[in-house]
Colleague: 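This is the structure I have questions about; it appears just below.
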Amino acid sequence: MKSLVRTLVAVLVIAAGLLIAINRLNSSQGYSGADTLTVYNWGDYIDPDLLDKFREETGIKVIYQTFDSNEAMMTKIEQGGTTFDIAVPSDYAIGKMRQENLLLPIDHAKLPNLANIDSRFLNQSFDPGNVYSIPYFWGTVGIVYNPELVGDLTFDSWDDLWDPSLRNNILLVDSAREVIGMGLNSLGYSLNDTDETHLQEALGKLKKLTPNVKALVGDEIKMLLAGEEAAVGLVWSGDASEIMDENDKLDYVIPKDGSNLWFDNMVIPKTARNLDGALKFMNFMLDPENAAQNAEYVGYATPNAKAMPLLPAEIAEDKRFYPEPALTDKLEVYDNLGKRMLAHYNELFLEFKMHKKVNDRV
């Protein structure tokens, strides 16, 4: 009998140990409970002090994990092996995640601070009514340039990029939607255009740009432009802000003939374990004081209208990064064009890059 009791005690001790180990493993891998919240976000895309403040206010510890592309983020959520309570995808990815039923609807009644968001940034095409997503940061696509190296060019129009004086002096971000979209906008077409005649026309015009293109690059575009390795670059506004912090001789402009208005929004993946905590976190980040602190730390534009008066004047009044509605109303959000058309955009982009390689050898 004593032997049986000892065996039962041993089994219970082992089971308790396994349960503790599993709980710890689940926490480290993103499995949330009532006292933890797993946030899946871009790298260095939140002020860490806000995570500590959230824990102090709610008692909920944030497990912060990062991704480096929307595609990597969507793949991990689709696989379902790791549970995330909050993710921060970009606009087109949100549209795709909605279509694939990867998101939970958001209870707006539990987000009183949603009223602080500028109405310009709500009810976008990728999520009508903000049923599945809440604005986090926003920005534009435009041109960083060194006024000392480009003569009289102002880049009020995309056509300035084709000026012969810029030979081998432009860096382009290595991204199909941005480059093809720029080509379309320069012709007066939508950057979501699917008309084959217009797409071929844009490709033809882009091929004429290749003598001016020094390289198509990724994140290193920030370092290269800040170091004046090229006079001009096609970049996202957030990157432009970082580049200009490193080199105050540079300037940023959004061409008046159209460009992209982009969003990164908070969503709740379908596999979330801590729904109540996710809503508390969203409402916390929508608080004006927290939104202003986050915007100042990250350097991207906040969509929170009530946060604007709390930002330093040199940030809030900088129309390059907080353009007036008269301009933003003319900009376009990327539509989810579907797999087939997105693949075609990538094919056109590859043809442009191959044309540049051939041109470089001549």
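All residue numbers in this chain count up from 1 along the given sequence. Side chains included, hydrogens not; waters and symmetry mates left out as well; all remaining heavy atoms used.
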Colleague: Check this for me: does any side-chain nitrogen of one of Glu246 and Lys222 sit under 4.0 Å from a carboxylate oxygen of the other?
Modeller: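 Result for this pair is no, no salt bridge flagged.
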
Colleague: Would you say Leu104 ends up clustered with Val131 if hydrophobic residues are merged whenever their side chains have heavy atoms under 4.5 Å apart, either directly or through other cluster members?
Modeller: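 Yes, Val131 and Leu104 fall within the same hydrophobic cluster.
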
Colleague: Applying a strict under-4.5 Å side-chain criterion to I, L, V, M, F, W and Y, I'd like to know whether Val253 and Leu149 cluster together.
Modeller: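 No; Leu149 is not reachable from Val253 via cluster members.
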
Colleague: Tabulate below the donor-acceptor pairs under 3.5 Å that side-chain atoms of residues 232-241 make, not counting sequence neighbours, or state none.
Modeller:
residue: Trp236; atom: NE1; partner: Glu178; partner atom: OE2; Å: 3.3
residue: Ser237; atom: OG; partner: Thr140; partner atom: N; Å: 2.9
residue: Ser237; atom: OG; partner: Thr140; partner atom: O; Å: 3.4

Colleague: Do other residues, nucleotides or ligands put more than 12 heavy atoms under 6.0 Å from the CG atom of Asp329?
Modeller: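 Buried by this count: over 12 neighbours within 6.0 Å.
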
Colleague: Could you check whether Ser190 and Glu332, counting side-chain N and O atoms only, form a donor-acceptor pair closer than 3.5 Å?
Modeller: yes

Colleague: Apply salt bridge (charged side-chain N to carboxylate O under 4.0 Å, His left out) to residues Lys53 and Glu289 and explain how you reach the verdict.
Modeller: CA-CA 12 Å; Lys53 183 180 178 181; Glu289 183 179 322; 3.5 Å; yes

Colleague: Strictly by side-chain hydrogen bond (donor to acceptor under 3.5 Å, both in side chains), give each pair with a member in residues 314-324 just once, sequence neighbours left out.
Modeller: Asp251-Arg320, Asp318-Arg320, Lys319-Glu324

Colleague: Name each donor-acceptor pair under 3.5 Å that joins a side chain in residues 45-52 to protein atoms two or more places apart or in another chain, with its distance.
Modeller:
residue: Tyr45; atom: OH; partner: Asp264; partner atom: OD2; Å: 2.6
residue: Asp47; atom: OD1; partner: Asp49; partner atom: N; Å: 3.0
residue: Asp47; atom: OD2; partner: Gln293; partner atom: NE2; Å: 3.0

Colleague: Ignoring hydrogens and angles, tell me if any N or O in the side chain of Ser259 forms a donor-acceptor pair with the backbone of Val141 under 3.5 Å.
Modeller: yes

Colleague: Could you report the tightest heavy-atom contact between Leu166 and Ile170, atom names first, then the distance?
Modeller: CD1-CD1, 4.1 Å

Colleague: Only pairs at least two apart or in different chains count here, so list each ring pair (Phe, Tyr, Trp, His ring centres under 6.0 Å) that has a residue in residues 52-74.
Modeller: Tyr40-Phe67, Trp42-Phe67, Phe54-Phe281, Phe54-Phe284

Colleague: Return yes if a side-chain donor-acceptor contact under 3.5 Å exists between Asn192 and Arg177, otherwise no.
Modeller: yes

Colleague: Determine which pairs satisfy ring pair (Phe, Tyr, Trp, His ring centres under 6.0 Å) with at least one residue from residues 149-192, sequence neighbours left out, and list them in order.
Modeller: Tyr145-Phe155, Tyr189-His198

Colleague: Do Leu327 and Phe263 share a hydrophobic cluster, counting only Ile, Leu, Val, Met, Phe, Trp and Tyr and linking them when any side-chain heavy atoms are less than 4.5 Å apart?
Modeller: yes

Colleague: Mind checking the CG-CG spacing from Leu111 to Asn283? Nearest 0.5 Å is all I need.
Modeller: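 That separation rounds to 5.5 Å.
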
Colleague: Please check if any side-chain donor atom of Gln124 sits under 3.5 Å from a side-chain acceptor atom of Asp91, or the reverse.
Modeller: no

Colleague: When you group the ILVMFWY residues by side-chain heavy-atom contacts below 4.5 Å and let the links chain together, are Phe321 and Leu310 in the same group?
Modeller: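 No, Leu310 does not connect to Phe321 through the hydrophobic network.
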
Colleague: For the residue pair Trp138 and Phe121, is the inter-centroid distance of their aromatic rings smaller than 6.0 Å?
Modeller: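 They qualify: ring centres under 6.0 Å apart.
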
Colleague: One thing to verify: whether Asp159 and Lys205 come together as a salt bridge, which I'm taking to mean a side-chain N less than 4.0 angstrom from a carboxylate O.
Modeller: yes

Colleague: Taking atom NZ as the centre, does Lys61 end up with more than 12 heavy-atom neighbours from other residues, nucleotides or ligands that are less than 6.0 angstrom away?
Modeller: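 No - once you tally the heavy atoms of other residues, nucleotides and ligands closer than 6.0 Å, there are 12 at most.
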
Colleague: Over all heavy atoms of both residues, which pair between Asp163 and Ser165 is shortest? Give the atoms and the distance, please.
Modeller: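 Shortest heavy-atom contact: OD1-OG, 2.6 Å.
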
Colleague: Within a reach of under 6.0 Å around CD of Glu100, are more than 12 heavy atoms found that belong to other residues, nucleotides or ligands?
Modeller: yes

Colleague: In chain order, what residues pass the salt bridge (charged side-chain N to carboxylate O under 4.0 Å, His left out) check against Lys96, with sequence neighbours excluded?
Modeller: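 With neighbours one apart ignored, the set is empty.
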
Colleague: Calculate, to the nearest 0.5 Å, the distance between atoms OH and CE belonging to Tyr92 and Met97 respectively.
Modeller: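 Here the rounded value is 11.0 Å.
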
Colleague: Could you check whether Lys280 pairs with Glu57 (Lys NZ or Arg NE/NH1/NH2 to Asp/Glu carboxylate O, under 4.0 Å)?
Modeller: no

Colleague: Tell me whether Arg98 contacts the main-chain N or O of Phe126 through its side chain, where contact means a donor paired with an acceptor under 3.5 Å.
Modeller: yes

Colleague: Can you tell me how far apart CD1 (Ile268) and CD1 (Ile134) are? Round to the nearest 0.5 Å.
Modeller: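 If we round to the nearest 0.5 Å, Ile268:CD1 and Ile134:CD1 are 8.5 Å apart.
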
Colleague: Give the minimum heavy-atom separation between Ala230 and Leu225, together with the two atoms involved.
Modeller: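 Taking every non-hydrogen atom into account, O-CD2, 3.9 Å.
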
Colleague: At their closest point, which heavy atom of Lys207 faces which heavy atom of Phe352, and how far apart are they?
Modeller: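 Of all heavy-atom pairs spanning Lys207 and Phe352, the closest is N-CD1, 4.2 Å.
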
Colleague: Say whether Asn101 and Lys270, considering side chains only, have a donor N or O and an acceptor N or O under 3.5 Å apart.
Modeller: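 No pair is found: no donor N or O on one side chain lies under 3.5 Å from an acceptor on the other.
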
Colleague: Check for a donor-acceptor pair, side chain of Asn116 on one end and backbone N or O of Leu286 on the other, with a separation under 3.5 Å.
Modeller: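 A pair under 3.5 Å: yes.
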
Colleague: I'd like to know whether Lys353 forms a salt bridge (charged side-chain N to carboxylate O under 4.0 Å, His left out) with Asp174, so could you lay out the CA-CA distance, the side-chain angles of the two residues, the decisive distance to 0.1 Å, and finally the verdict.
Modeller: CA-CA 9 Å; Lys353 292 200 287 185; Asp174 190 3; 3.2 Å; yes

